[in-house]
Novice: 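The structure follows.
All values below come from the heavy atoms of this structure, side chains included, with hydrogens, waters and symmetry mates left out.
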Amino acid sequence: MIRLFNSLTHQKEPFEPRDAGKAGIYCCGPTVYNLVHVGNARPYVTFAVLRSWLRHRRLETTLVTNITDVDDKIIAKANAEGRDATAIAEEYTAAYIADTDRLGIPRPDVEPRATETIPEIIDLVCQLIAGGHAYAAHGSVYFRVRSFAGYGKLSKQRIDELDEGVRVDNEPGKADPLDFAVWKAAKSGEPAWESPWGRGRPGWHIECSAMGLRYLGAGFDVHGGGRDLIFPHHENEIAQSEAAGLPFAKVWMHNGMIRSEGEKMAKSVGNIFLLREVLDRYEPAVVLMYFLTTHYRSPLEFSTGKLDEAKAAYARLRDALGDIDFRVANAAKAALLGECPDLTLRATAARLAFAERMDDDLNTAGAVGELFALVSETYRYLSEVDRGETPLDVEALRSVRRVLTESLGHLLIPAPSGAAEITPAGTVAGNEALACVTGDVALLPAARLAGDGRWDDIVLVYADRLGCADASYACLLRDHYRVEKQWSDADRLRDEMQEAGFEVRDTSQGTQVVRKS
RNA sequence: GGCGGCGUAGCCAAGUGGUAAGGCAGAGGUCUGCAAAACCUCCAUCAUCGGUUCAACUCCGAUCGCCGCCUCCA
């Protein structure tokens, strides 16, 4: 059973979809007037993972993430730069899609634009006016906050207390300072659409109500976004929708803020780090690890140190997967083959533990922890194998590998590429090469002299001749040196391999290489 | 001032009414031609003070500290 923390009730609740077997998620996307920063990426990742997990749990899931492409801030930016607001919106929409794409996770199922939802927005405003919840004034339309009894139920605010600190603005048509615009009369040069109240554009908030209801229908399952949107944005979304007689989201999920130097990362504070800059320096898997090793509701500090930690953690996973592959590929060299039911059981237990964590309010941090626990247990087992205390169980290792890669898949983290790069000396090609090498050792120095003395030249000669991967060949060559106790040659080759971007490890089954990340 | 959240080892971070996952770093050891990786051992009584309970880090209250929202904000 999946349980989700609902901001509306302030507790974890069993997830009960509106439609059996289906789930609909609406996540607040960006207003496109700037490049997305790390903070913006957190909900993008969080709700993509939620969708992934719900699908794994056999729910046909739809994720809708809006793009608000008409808004005061866009217009302000356009004015400041002397440009057209539409051009600004288009530019940053493209940048948003390009930047988030680099995370390498599937896009939302629907990414509707506010500007493509104008008729629905106008309809909604008409309904609000008809019901007495909104009123037109000077070409704008305002929502009458005090007309909606439930106002404040999400943010736990009471209207009378809000009244105290409300911003004094100079919108002459407002009947109550708490009221907010659902439709704004357009000034000349601003993007505008015909409406019953004259030319204008949507107010902030209304577009999300309209898009959520349009794509997911009334009473949809989950609405997500950053914690900072609870008030007023989400509160207003609820008011607008429900005052119009349309039940809104059942479960509200809010991710915690990303902080930088102890403060919320925000453009206004000036402590932002752009997503694209981070992705220039760290591979997507590391960035995902960074996000997912903290629970989505907790605040998360941003720093290169934290990214480096995520990188180190990911490297352990990568190495573990690589080591498993290496052992499996070199199983023939194992001293003792057999079954280890215990390891198989642990793999299964880890799979279940992972699922339990994920079911519990998307506890990705705990879930990743279970994966690492499995890695530790596997290494412990492998050590026992090396000491001859227990047999090597290839199938059990494959089970572990499957649990690891499938679980990472649920988190949208790609199986570490390093694993695939590890070239075991005992592959089919490698064994053929080994036969050739051992049978024709005399050729090696000649090949070495033929090139400029670097291992990859030799490798090229032999790889071409033997049809095997170069790294694999270098491993064989090094094994040869080591068997012959030609330490200086072996060490030099290792240096060269390291220069070429490989980590080199000696094992009882031969030289193992891991491509450095 | 109102509303909400957080405070777990050097750092990061899960977690349960019955004496604390995991990652990074550190110390010692094993393995290794050297190295790397790995393994083993060591490293917290959960901000403070009270209360409830047979038993609390986990429930309640207070205190201190930090953060978010109340204005644009993921």
Novice: Measure from NZ on A:Lys267 to C1' on B:U71 and round the result to the nearest Å.
Specialist: 16 Å
Novice: Among B:G5, B:A37, B:C3, which is the nearest nucleotide to the side chain of A:Lys156?
Specialist: B:C3
Novice: Would A:Asp72 and A:Arg201 pass as an ion pair if we require N to O under 4.0 Å?
Specialist: yes
Novice: Restricting to non-hydrogen atoms, name the atom on A:Val182 and the atom on A:Phe143 that form the minimum distance, rounded to 0.1 Å.
Specialist: CG1-CB, 4.0 Å
Novice: Looking at the side chain of A:Lys73, which of B:A36, B:G33, B:C72 is the nearest nucleotide?
Specialist: B:C72
Novice: Please report, rounded to the nearest Å, how far the P atom of B:C67 is from the CD atom of A:Glu261.
Specialist: 13 Å
Novice: Provide the distance between the two C1' atoms, one in B:C64 and one in B:C72, to the nearest whole Å.
Specialist: 33 Å
Novice: Should the side chain of A:Asp506 and the base of B:C34 be counted as holding a donor-acceptor pair, with the cut-off at 3.5 Å?
Specialist: yes
Novice: Using a strict 4.0 Å threshold on nitrogen-to-oxygen distance, state whether A:Asp491 and A:Arg494 make a salt bridge.
Specialist: yes
Novice: Using atom CD of A:Glu384 as one end and atom C1' of B:C40 as the other, report the distance to the nearest whole Å.
Specialist: 11 Å
Novice: Which part of the nucleic acid does A:Gly262 contact within heavy-atom distance under 4.0 Å: base, sugar-phosphate only, or nothing?
Specialist: sugar-phosphate
Novice: Using a strict cut-off of less than 4.0 Å between a Lys/Arg side-chain nitrogen and an Asp/Glu carboxylate oxygen, indicate whether A:Lys184 and A:Glu190 qualify as a salt bridge.
Specialist: no
Novice: Could you tell me whether the side chain of A:Arg494 has a donor or acceptor atom within less than 3.5 Å of a complementary atom in the base of B:A35?
Specialist: yes
Novice: Distance to the ring centre below 6.0 angstrom and angle to the axis at most 45 degrees; does that hold for A:Lys73 and A:Tyr33?
Specialist: yes
Novice: For A:Tyr296 and for A:Thr31, find the nucleotide of RNA chain B with the closest heavy atom, then tell me which residue's nucleotide is more 5'.
Specialist: A:Tyr296
Novice: With a 4.0 Å cutoff (strictly under), does any side-chain N or O of A:Lys306 reach OP1 or OP2 of B:C11?
Specialist: no
Novice: What about A:Arg259: does its side chain form a donor-acceptor pair under 3.5 Å with the base of B:C67?
Specialist: no
Novice: Are A:Ser298 and B:A14 close enough that a side-chain N or O sits under 4.0 Å from OP1 or OP2?
Specialist: yes
Novice: Of all the choices, B:A74, B:C39, B:G33, which nucleotide is nearest to the side chain of A:Tyr379 once you look at every atom?
Specialist: B:C39
Novice: Mind checking if A:Gly225 touches a base, just sugar-phosphate, or nothing, with heavy atoms under 4.0 Å?
Specialist: sugar-phosphate
Novice: Considering only NZ, NE, NH1 and NH2 on the basic side and carboxylate oxygens on the acidic side, decide whether A:Arg146 and A:Asp160 come within less than 4.0 Å.
Specialist: yes
Novice: Could one point to a donor on the side chain of A:Arg297 or the base of B:G68 with an acceptor on the other under 3.5 Å away?
Specialist: no
Novice: Would you kindly compare A:His205 and A:Thr507 by the position of their nearest RNA chain B nucleotide and give the one closer to the 5′ end?
Specialist: A:Thr507
Novice: A:Leu371 near the nucleic acid: base, sugar-phosphate alone, or nothing, with a heavy-atom cut-off under 4.0 Å?
Specialist: nothing
Novice: Check the distance between B:A74's C1' and A:Glu207's CD and give it to me in whole angstrom.
Specialist: 14 Å
Novice: With rounding to the closest Å, how many angstrom separate the C1' atoms on B:G68 and B:G29?
Specialist: 47 Å
Novice: If I pick the P atom on B:U63 and the same atom on B:C24, what distance separates them, to the nearest angstrom?
Specialist: 41 Å
Novice: For the C1' atoms, the ones on B:G65 and on B:A47, what distance do you get once it is rounded to whole angstrom?
Specialist: 8 Å
Novice: Using atom P in both nucleotides, what's the gap between B:G18 and B:A56 to the nearest angstrom?
Specialist: 11 Å
Novice: Runs of at least three consecutive Watson-Crick or G-U pairs, both distances under 3.5 Å, are what I'm after; which ones involve RNA chain B?
Specialist: B:1-7 with B:64-70, B:10-12 with B:22-24, B:26-30 with B:38-42, B:47-51 with B:59-63
Novice: In whole angstroms, how far is the C1' atom of B:A14 from the CG atom of A:Leu292?
Specialist: 14 Å
Novice: Counting only heavy atoms not in A:Gln11 (residues, nucleotides, ligands), do more than 12 fall under 6.0 Å from its CD?
Specialist: yes
Novice: For A:Leu8 and B:C3, what is the distance between atoms CG and C1' respectively, to the nearest whole Å?
Specialist: 15 Å
Novice: Between the main-chain N or O of A:Glu111 and the side-chain N or O of A:Thr65, is there a donor-acceptor pair closer than 3.5 Å?
Specialist: no
Novice: Would you call the rings of A:His254 and A:Trp252 parallel, tilted or perpendicular if under 30° counts as parallel and over 60° as perpendicular?
Specialist: parallel
Novice: Give the B/S/- string for nucleotides 15-25 of chain B, one per nucleotide from 5' to 3', where a protein heavy atom under 4.0 Å of the base yields B, of only the sugar-phosphate yields S, and otherwise -.
Specialist: S-----BSBS-
Novice: Should A:His254 be listed as having a side-chain N or O under 4.0 Å from OP1 or OP2 of B:G4?
Specialist: no
Novice: Throw together a table of side-chain donor-acceptor distances under 3.5 angstrom for residues 94-103 of chain A, partners on residues two or more places apart or in other chains.
Specialist:
from, atom 1, to, atom 2, distance (Å)
A:Asp99, OD1, A:Arg276, NE, 3.2
A:Asp99, OD1, A:Arg276, NH2, 3.2
A:Asp99, OD2, A:Arg276, NE, 3.1
A:Asp99, OD2, A:Arg276, NH2, 3.4
A:Thr100, OG1, A:Tyr96, O, 2.6
A:Thr100, OG1, A:Ile97, O, 3.3
A:Thr100, OG1, A:Arg107, NH1, 3.1
A:Thr100, OG1, A:Arg107, NH2, 3.1
A:Asp101, OD1, A:Arg107, NH1, 2.8
A:Arg102, NH1, A:Asp280, OD1, 3.4
A:Arg102, NH2, A:Leu279, O, 3.2
A:Arg102, NH2, A:Asp280, OD1, 2.8

Novice: In whole angstrom, give the distance that lies between atom CZ of A:Phe291 and atom P of B:A74.
Specialist: 14 Å
Novice: Quantified in whole Å, what is the C1' atom distance between nucleotide B:C46 and nucleotide B:C12?
Specialist: 16 Å
Novice: Salt-bridge test for A:Asp323 and A:Arg327: reply yes if a basic N is under 4.0 Å from a carboxylate O, no otherwise.
Specialist: no
Novice: Quantified in whole Å, what is the C1' atom distance between nucleotide B:C31 and nucleotide B:A37?
Specialist: 11 Å
Novice: Separation of A:Asp386 atom CG from B:C31 atom P, in whole Å?
Specialist: 13 Å
Novice: Roughly how far apart, to the nearest Å, are B:G15 and B:A9 at atom C1'?
Specialist: 15 Å
Novice: Are there over 12 heavy-atom neighbours, none belonging to A:Arg281, within less than 6.0 Å of that residue's CZ?
Specialist: no
Novice: Taking any heavy-atom pair under 4.0 Å as a contact, classify A:Ile230: base, sugar-phosphate, or nothing.
Specialist: nothing
